[in-house]
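All remarks here apply to the structure that follows.
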Amino acid sequence: GAVVSQHPSRVICKSGTSVKIECRSLDFQATTMFWYRQFPKQSLMLMATSNEGSKATYEQGVEKDKFLINHASLTLSTLTVTSAHPEDSSFYICSASGLPRAAADTQYFGPGTRLTVL
Amino acid sequence: GDSVTQMEGPVTLSEEAFLTINCTYTATGYPSLFWYVQYPGEGLQLLLKATKADDKGSNKGFEATYRKETTSFHLEKGSVQVSDSAVYFCAPSYSGAGSYQLTFGKGTKLSVIP
């Protein structure tokens, strides 16, 4: 149980275009979803936290107008990178939590999406 | 703020060697403690967790004990395999703003050679 999927796994786009990444919890209801960014050989950086039906809470330094997060249902969250530029190229990983209360502190991660902006 | 210090890698071991990866965290409240593993090109997988002092998390031969007195959660395995080659992340989970947030260490890359 506790499977999280992401789509697409890889995407290459031109500078100035927008890219949408989907994160789905396949076998549980995710009341909270998280979006992370990971640079090569580095740790994960939390970008934002979203609760179903609420606006996302962004970490300091993350542009909310550039990284649009929608968490419209208990199984789906999307991250849209608007007007992407080469510096947005990175590995984006989502995670979800929302199992029974006893495991509310546990996040389950998706496989990640490799974004390359040309 | 909350932080975690993890043993720097890379760590290279021969197959069947004993593994220890050290992890210490700041003692803000009573976090749950996690180890996640990341295989090349993939997302993170939950390896094990412990939720209170003296709890021992274990999975796939890996173990870690929640040591409140030393604020540590060191990862150990008695006999590593080539398939254990990956990056390991220690992460305490702190509650805040209505959710539990993970604070990740920098990760320790483990390479196991035959």
Side-chain angles (χ1 to χ4, degrees), chain A residues 1-7 9-10 21 23-25 28 30-60 71 77 91-99 101-114, chain B residues 1-11 21 23 25 28-52 55 57 59 66 73 86-111:
Chain A
V3 179
V4 177
S5 70
Q6 269 183 255
H7 178 79
S9 58
R10 292 178 180 274
I21 303 170
C23 177
R24 294 182 184 272
S25 57
F28 67 102
T31 51
T32 306
M33 284 185 165
F34 304 82
W35 286 96
Y36 295 84
R37 185 172 179 178
Q38 186 179 34
F39 293 100
K41 299 183 180 181
Q42 293 191 23
S43 190
L44 279 72
M45 180 190 79
L46 178 65
M47 299 174 66
T49 302
S50 72
N51 293 299
E52 185 264 339
S54 304
K55 288 185 177 180
T57 301
Y58 289 81
E59 295 300 301
Q60 192 172 5
H71 189 174
S77 176
F91 193 50
Y92 293 88
I93 307 176
C94 74
S95 71
S97 65
L99 290 173
R101 186 64 186 163
D105 60 350
T106 302
Q107 292 181 32
Y108 294 90
F109 285 79
T113 297
R114 173 76 59 193
Chain B
D2 303 322
S3 68
V4 54
T5 302
Q6 192 175 334
M7 187 172 97
E8 288 198 25
V11 174
I21 301 178
C23 172
Y25 61 95
T28 303
Y30 301 95
S32 295
L33 302 175
F34 297 81
W35 276 99
Y36 283 89
V37 57
Q38 185 177 31
Y39 297 99
E42 299 183 12
L44 274 67
Q45 297 179 25
L46 175 63
L47 182 59
L48 53 85
K49 64 181 276 191
T51 58
K52 61 183 187 297
D55 265 5
N59 185 28
Y66 193 140
F73 193 52
V87 179
Y88 292 81
F89 292 95
C90 179
S93 176
Y94 297 94
S95 64
S99 65
Y100 289 85
Q101 294 191 347
L102 292 167
T103 299
F104 283 95
K106 292 186 176 180
T108 302
K109 183 176 181 179
L110 170 66
S111 296

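Lettering follows sequence order; numbering is per chain, from 1.
- Heavy-atom distances place both the backbone and the side chain of B:Phe104 under 4.5 Å from chain A.
- Within the 4.5 angstrom heavy-atom criterion, atoms from both the backbone and the side chain of B:Leu44 approach chain A.
- Residue contact with chain A, scored on non-hydrogen atoms closer than 4.5 Å, involves the side chain of B:Gln38 exclusively.
- Between the side chain of B:Tyr36 and the backbone N or O of B:Gly43 there is no donor-acceptor pair closer than 3.5 Å.
- Considering every non-hydrogen atom in both B:Gln101 and A:Gln107, the closest pair reads CA-NE2, 4.0 Å.
- Of the residues considered (B:Lys109, B:Gln45, B:Gln6, B:Glu42), B:Glu42 shows the highest number of contacts with chain A, using heavy-atom pairs under 4.5 Å.
- Chosen from A:Pro111, A:Ser95, A:Ser43, the residue pairing most often with chain B at heavy-atom distances under 4.5 Å is A:Ser43.
- With A:Gln6 contributing its side chain and A:Gly112 its backbone, the two residues share a donor-acceptor pair below 3.5 Å.
- In this structure, chain B has a heavy atom under 4.5 Å from the side chain of A:Gln38, while its backbone stays farther away.
- Contacts between B:Tyr39 and chain A at a heavy-atom distance below 4.5 Å are absent for every atom of the residue.
- Under a cut-off of 6.0 angstrom, the local environment of CD in A:Glu59 is crowded, with over 12 non-hydrogen atoms contributed by other residues, nucleotides or ligands.
- Taking the side chain as every heavy atom from C-beta outward, A:Tyr36 and B:Leu102 approach each other to under 4.5 Å.
- Not a single donor-acceptor pair under 3.5 Å links the side chain of A:Trp35 to the backbone N or O of A:Ser50.
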